Amino acid sequence: MSQTEPRRLSLLNVCKTLTSLKQIHANLVKLGLETDLFIAGKLLHHCAISLSDSLDYACRLFRYTPNPDVFMHNTLIRGLAESDRPENSVLKFIQMRRNSFSSPDSFSFAFILKAAANLRSMRAGIQLHCQALVHGLDTHLFVGTTLISMYGECGSVASARKVFDEMREPNAVAWNAVVTACFRGVDLKGGRKMFDLMPVRNLTSWNVMLAGYTKAGELELARETFLEMPMKDDVSWSTMIVGFAHNGYFEEAFGLFRELQREGMRPNETSLTGVLSACAQAGALEFGKILHGFIEKSGLSWIVSVNNALLDTYSKCGNVHMARLVFEQILKERNIVSWTSMMAGLAMHGHGEEAIELFHEMEEFGIRPDGITFILLLYACSHAGLVEQGCEFFYKMRAMYNIEPSIEHYGCMVDLYGRAGQLQKAYEFVFQMPIPRTAIIWRTLLGACSIHGDVKLAEYVTERLSELDPNNSGDHVLLSNAYAVAGKWKDVASVRRLMTDQRMTKTPGWSIIEVDKIIHTFMAGAKQDKITEEAYKKLKEIILRLRVEGGYVPEIGSVFHDIEEEEKEDSVSVHSEKLAVAFGIARLCNGSTIRIVKNLRVCRDCHAVMKLISQIYKVEIVVRDRSRFHSFKDGYCSCRDYW
DNA sequence: ATAGGGTTAG
């Protein structure tokens with residue numbers, strides 16, 4: 001090896017993207033050094049482990065190395081084990097056993113067991129356990145620890161504990177693994193007990209507790225533990241932020257992020273994506289922009305995952321243009337998540353065709369779609385009314401892309417037919433699907449019945465649902481909406497009576513609007529305060545003007561209510577999104593867009609009102625409902641009245 | 001030990 005080699009290889013440590021790695025690789029080839037096993041191993045390690053989304057390149061590198069050694073085998077097995085297709089890792093392991101002169105060492109087993117863990121395959125795990133035994137490696141500390149994790153991931157806390165108990169001298173890592181295994185098996189008490197028994201705790205032990213508690217939704221316990229910790233690192237902070245964000249506590253996630261910065265720590269990739277995900281879910285555009293600025297300033301904008309989260313935040317906050325801009329900026333480094341997120345953004349905003357176009361562009365880019373990409377594609381089709389295209393994609397995903405449809409894909413198909421009013425087809429589809437029908441499948445069908453007023457089917461579906469998921473108030477609301485659309489008010493009333501008799505409470509709808517940096521929440525039928533009163537007053541005035549100038553007649557069909565006409569109309573006019581928009585009209589200055597986030601889907605009447613308001617008051621209104629965006633302008637909505 | 005894209009519904 002010449003003098004320059006160590007220096008050239010040390011370049012690898014600073015190369016952060018595949019593009020720069022390729023340059024180094026090209027240089028090595030030019031010097032004829034790429035067959036040197038040490039150098040090839042280093043290179044492989046860098047793109048299989050250190051860089052994300054470079055596995056394909058790693059596989060090619062491996063293929064072009066004449067006689068790869070154990071290290072290279074292990075490295076590729078390791079990289080594949082962490083990929084989205086861990087089965088390839090197992091294949092590589094088998095290939096190594098068959099074709100190679102090198103026999104597996106403790107590293108091989110540690111990595112391949114990780115693949116079994118990621119596959120949640122107890123069968124593969126047990127077989128590998130046996131093989132490790134044959135090689136006398138099952139009692140090896142590292143292998144034993146991975147065995148514990150594997151059994152934990154596969155859901156067998158008992159096996160995990162057995163391996164642990166038989167360990168001669170478990171170190172802190174082994175202890176941590178067994179605590180993690182307990183939490184995976186939702187044995188919180190057991191996890192806590194092992195934690196208390198630990199002879200030596202390191203920072204990871206504490207972080208394991210945080211992760212265990214937040215995943216179980218025990219945020220109070222997590223917070224207690226967090227405060228109790230003798231030391232915190234960025235993983236501790238990230239775990240807390242992500243934990244709160246995932247459990248819907250957005251304000252808490254924001255608060256922790258600010259606190260982290262106050263303590264003088266640098267947010268890392270994970271805490272940033274976590275806090276951005278909170279922004280996306282909450283629709284907090286302004287905070288998202290601040291974070292964008294921070295990312296640019298602190299030189300973190302090269303990180304793909306951060307850009308993906310940012311892109312997602314912009315589109316979920318209603319700003320597809322900014323999402324697109326971020327997407328354009330990462331042109332070379334885009335991965336499957338970037339493409340899928342952008343497709344999701346377009347689909348949510350009603351640009352189904354563009355989402356499909358983007359899919360084809362992605363293919364030209366040489367990126368293979370995965371199962372999630374197809375969920376988004378089908379979502380795009382169903383929400384744009386593109387029934388035939390949706391069917392075609394559903395067929396192609398298996399035939400051309402070798403991706404087995406999962407329950408989510410079947411759900412999309414039911415929705416595709418149902419939303420378009422093809423209830424017969426939807427029903428047949430549900431019957432011929434080859435995997436067990438879940439409550440969500442039936443609920444999707446029920447949703448379609450409620451849109452189109454198919455009472456008979458709705459009744460049948462409700463029966464199926466009562467077997468699978470009884471006492472779900474939402475399902476009864478859907479049934480009653482189906483009756484209402486069909487004008488069967490007596491049946492509406494009887495469903496409602498049933499609900500009150502059984503003390504079922506309907507999830508309250510809420511809408512939020514930000515005015516002067518303050519977020520106001522409106523709820524139908526909530527207790528009155530000054531703000532709500534103001535909103536009601538303005539709404540009355542608006543409705544009157546809509547009647548006179550826009551010929552507005554309330555639509556009562558899709559509303560859950562009964563008996564008197566006047567009362568029906570009343571209940572329509574108090575939907576939370578109407579209050580929010582009225583408040584926006586009252587408080588926001590002319591020319592600014594009214595942005596509303598709602599937790600449920602928008603009803604027909606509110607939709608009609610929004611269109612009229614946008615026309616008569618000359619304002620743009622953007623509503624994000626539970627699933628998508630509606631942009632109202634000049635009396636039209638971006639969803640083309642299909643949602 | 002932590003992370004980014006995900007079917008339905010109230």
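Numbered from 1 within each chain, the chains take letters A, B, ... in sequence-line order. Not measured: the values here are computed from a predicted model. For the numbers below, each heavy atom of this structure counts, side chains included, while hydrogens, waters and symmetry mates do not.
Distances were taken from every side-chain heavy atom of A:Leu600 (C-beta onward) to each of B:dG6, B:dT2, B:dG10; the shortest belongs to B:dG10. Looking at the side chain of A:Ser627, the nearest of the listed nucleotides B:dA1, B:dG4, B:dT8 is B:dT8. When distances run from any side-chain atom of A:Lys506 to the nucleotides B:dG4, B:dG10, B:dT7, the shortest one goes to B:dG10. Of the candidate nucleotides B:dG4, B:dA1, B:dG10, B:dG4 has the atom lying nearest to any side-chain atom of A:Val337. Relative to the side chain of A:Asp312, the nucleotides B:dA1, B:dT7, B:dG4 differ in distance, and B:dG4 lies closest.
Between the CH2 atom of A:Trp206 and the P atom of B:dA1 there is a distance of 18 Å, rounded to whole Å. Atom P of nucleotide B:dG10 and atom CG of A:Asp475 are separated by 10 Å, given to the nearest angstrom. Summarising the geometry, the separation between CD on A:Glu82 and C1' on B:dA3 is reported as 13 Å, rounded to the nearest angstrom. Atom pair A:Leu276:CG and B:dG5:C1' shows a separation of 14 Å (rounding to whole Å applied). One atom, CD1 of A:Ile372, and another, P of B:dT7, lie 10 Å apart when rounded to the nearest Å. Rounded to a whole Å, the OH atom of A:Tyr213 is 18 Å from the C1' atom of B:dT2. Counting to the nearest Å, the P atom of B:dG10 and the CE atom of A:Met523 are 16 Å from each other. Atom CD of A:Glu577 and atom P of B:dG10 are 11 Å apart (whole Å).
The residues A:Asp312 and A:Lys316 are annotated as salt-bridged, a charged nitrogen and a carboxylate oxygen being separated by less than 4.0 angstrom. Taking the charged nitrogens against the carboxylate oxygens, A:Arg601 and A:Asp625 do have a contact shorter than 4.0 Å, which makes a salt bridge.
Nucleic acid contact class of A:Ser341 (heavy atoms, under 4.0 Å, all strands): sugar-phosphate only. A:Gly411 comes within 4.0 angstrom of a base, heavy atoms only. Residue A:Ile375 is in base contact, counting any heavy-atom pair closer than 4.0 Å across all strands shown. Counting any heavy atom pair closer than 4.0 Å across all strands shown, A:Arg601 reaches sugar-phosphate atoms only and no base atom. Residue-level contact check: A:Leu203 touches neither bases nor backbone, having no heavy atom under 4.0 Å from any strand. Contacts of A:Arg419 with the nucleic acid, taken as non-hydrogen atoms under 4.0 Å apart, involve only primed sugar atoms and P, OP1 or OP2. Residue contacts shown for A:Lys598 are absent, as no nucleic acid heavy atom lies under 4.0 Å away. A:Leu478 comes within 4.0 angstrom of the backbone, heavy atoms only, and of no base. Residue A:Asp370 is in base contact, counting any heavy-atom pair closer than 4.0 Å across all strands shown. A:Ser473 comes within contact range of no nucleotide atom at all, as no heavy-atom separation falls under 4.0 Å. Using a 4.0 Å heavy-atom cutoff across all strands shown, A:Val242 reaches sugar-phosphate atoms only and no base atom. Residue-level contact check: A:Ile336 touches the bases, meaning some heavy atom is under 4.0 Å from a base atom. At a threshold of 4.0 angstrom between heavy atoms, the contacts of A:Ser205 with the nucleic acid are absent. Residue A:Thr444 is classed as a sugar-phosphate contact, given heavy-atom separations below 4.0 Å to backbone atoms only.
A:Ser205 pairs with exactly one of A:Val179, A:Val200, A:Asn176 by the side-chain contact (heavy atoms from CB on, under 4.5 Å) rule, that one being A:Asn176.
For the pair A:Lys215 and B:dA1, the criterion of a side-chain N or O lying under 4.0 Å from OP1 or OP2 is not met. Within the structure, a side-chain polar atom (N or O) of A:Lys316 is placed less than 4.0 Å from OP1 or OP2 of B:dG6. Note on A:His383: a side-chain N or O is less than 4.0 Å away from OP1 or OP2 of B:dT8. Listed pair A:His246 / B:dG4 meets the phosphate criterion, a side-chain N or O lying under 4.0 Å from OP1 or OP2.
Looking at A:Asn247, its side chain never comes within 3.5 Å of a backbone N or O of A:Gly217 through a donor-acceptor pair.
Taking the centre of each ring, A:Trp339 and A:Phe327 come in below the 6.0 Å mark.
The base of B:dG4 does not come close enough to the side chain of A:Thr273 for any donor and acceptor atom to sit less than 3.5 Å apart. Scanning atom types as modelled, one donor and one acceptor separated by under 3.5 angstrom connect the side chain of A:Thr340 and the base of B:dG5.
A side-chain hydrogen bond (donor to acceptor under 3.5 Å, both in side chains) check over residues 443-453 of chain A, counting only residues at least two apart or in different chains, returns the pairs A:Arg443-A:Asp469, A:Arg443-A:Asp475. Sorted by first and then second residue, the pairs that involve residues 176-185 of chain A and meet salt bridge (Lys or Arg N to Asp or Glu O under 4.0 Å), not counting sequence neighbours, are A:Glu153-A:Arg184.
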